[in-house]
Amino acid sequence: MNAPQTLHPHNHRHCIDDALSRAETVCAERGARMTPLRRRVLELVWDSHAPIGAYAIMDLLRAADDRAAAPPTVYRALEFLLEQGLVHKIESLNAFVGCDRPEERHISQFLICTSCKAAIELNDPSILQAVEQSAQQLGFSLNRLTIEAQGLCSACRSGREAAEQQSRQYVPSNPGLFSGNLSPPPFVEKRLKSTSED
């Protein structure tokens, strides 16, 4: 399993530059053409380690240059990047993330944080083998495989646990109301007595 850079402090610009350089090498080795638009779309996908949707990419392109942002053009660029294994599509979010292993074709498995939206790519062959074996036993022919699990990343889980612990440590100004003592505070009891005597 490779932990994503988003969960660790790092030089993000170096991360992007490295991904673009590797993409250029992969495309050259495969005889695929990395156009300036395809390169820019890949850069925008890598700009954040969180998944990004096609419309968000179009908006970013339009902000920089009106001509490059036509939906068919952006979708063709994304399709090229998918075919070359330079990005993955997170089906449940209809969004894209950069692939940190584009040199080898592979089926990815993702852990997706429902809080911060980070997508953690797993590299666990046993998961793929288990799915393929189960499909084969049932006589099912796989055409496409998407493995995505949603939950909380360690940072968001730690933050939530800290918040819950802090809320449990809250001491109310009148602990008698919260300690199982159901008798009213003295000033209320006094009022209740005076109204019942009337």
>> With side-chain contact (heavy atoms from CB on, under 4.5 Å) as the criterion, how do Thr73 and Leu61 come out once you've worked through the C-alpha distance, each side chain's angles and the decisive distance to 0.1 Å?
In response: CA-CA 11 Å; Thr73 309; Leu61 287 170; over 6 Å; no
>> For a quick test of reading the model, state the closest non-hydrogen atom pair linking Cys156 to Cys113 and the distance between them.
In response: SG-SG, 3.7 Å
> Would you say Cys153 and Arg157 make side-chain contact, with heavy atoms under 4.5 Å?
Replying inline: no
> Can you tell me if CZ on Arg30 sees more than 12 non-hydrogen neighbours from other groups inside 6.0 Å?
Replying inline: yes
>> Applying a strict under-4.5 Å side-chain criterion to I, L, V, M, F, W and Y, I'd like to know whether Leu152 and Ile120 cluster together.
In response: no
> Considering only heavy atoms from C-beta outward, does the side chain of Leu82 approach that of Phe96 to under 4.5 Å?
Replying inline: yes
> What are the two closest non-hydrogen atoms of Leu42 and Ala23, and how far apart are they?
Replying inline: CD2-CB, 3.4 Å
>> So Thr25 and Arg22, do their side chains get closer than 4.5 Å, heavy atoms only?
In response: no
> Are Cys27 and Leu86 side-chain neighbours, meaning at least one heavy-atom pair lies under 4.5 Å?
Replying inline: yes
> Taking Arg38 for the side chain and Phe80 for the main chain, is one N or O donor matched with an acceptor at less than 3.5 Å?
Replying inline: no
> Would you call Arg13 and Glu43 a salt bridge, taking side-chain N to carboxylate O under 4.0 Å as the test?
Replying inline: yes
> Counting heavy atoms not belonging to Arg33, are there more than 12 under 6.0 Å from its CZ?
Replying inline: no
> If you round to the nearest 0.5 Å, how far is OG of Ser108 from CZ of Arg101?
Replying inline: 6.0 Å
> Please walk me through it: do Leu128 and Gln109 pass side-chain contact (heavy atoms from CB on, under 4.5 Å)?
Replying inline: CA-CA 8 Å; Leu128 180 59; Gln109 308 114 26; 4.3 Å; yes
>> Do Met58 and Pro71 have side chains that approach each other closer than 4.5 Å (heavy atoms only, starting at C-beta)?
In response: yes
> Side chains of Phe140 and Val131: does their closest heavy-atom pair fall under 4.5 Å?
Replying inline: no
> Are the side chains of Leu60 and Ile52 in touch, meaning some heavy atoms are under 4.5 Å apart?
Replying inline: yes
>> Tell me the closest heavy-atom pair linking Ile57 and Val74, and the distance in Å.
In response: CG2-CG1, 4.0 Å
>> Hydrogens and angles aside, do Ser92 and Glu148 bring a side-chain donor and acceptor to less than 3.5 Å of each other?
In response: yes
> Do the side chains of Lys89 and Glu79 get nearer than 4.5 Å, heavy atoms only?
Replying inline: no
>> What's the separation between atom SG in Cys99 and atom CZ in Arg105, rounded to the nearest 0.5 Å?
In response: 10.0 Å
> Measuring from Leu111:CG to Leu122:CG, what's the distance to the nearest 0.5 Å?
Replying inline: 4.0 Å
> Are Phe110 and His88 close enough that their ring centres sit under 6.0 Å apart?
Replying inline: yes
>> Please determine whether the number of non-hydrogen atoms from other residues, nucleotides or ligands lying under 6.0 Å from atom CD of Glu91 exceeds 12.
In response: yes
> If only atom types and distance count, is the side chain of Ser134 paired as donor or acceptor with the main-chain N or O of Ala130 below 3.5 Å?
Replying inline: yes
> So which heavy atom on Trp46 is nearest to which on Gly98, and how close?
Replying inline: NE1-CA, 3.3 Å
>> I need the Thr146 OG1 to Ile90 CD1 distance, nearest 0.5 Å.
In response: 9.0 Å
> Does any N or O in the side chain of Thr114 come within less than 3.5 Å of the main-chain N or O of Gly151, such that one atom is a donor and the other an acceptor?
Replying inline: yes
>> Main chain of Met34, side chain of Glu24: is a donor-acceptor contact present, judged purely on distance under 3.5 Å?
In response: no
> Roughly how far, to the nearest 0.5 Å, is the CD1 atom of Ile147 from the CD1 atom of Ile107?
Replying inline: 7.0 Å
> Distance from Ile127 atom CD1 to Leu145 atom CG, nearest 0.5 Å?
Replying inline: 10.5 Å
> What closest approach, in Å, do Gln84 and Val26 show between heavy atoms, and which atom pair accounts for it?
Replying inline: O-CG1, 4.3 Å
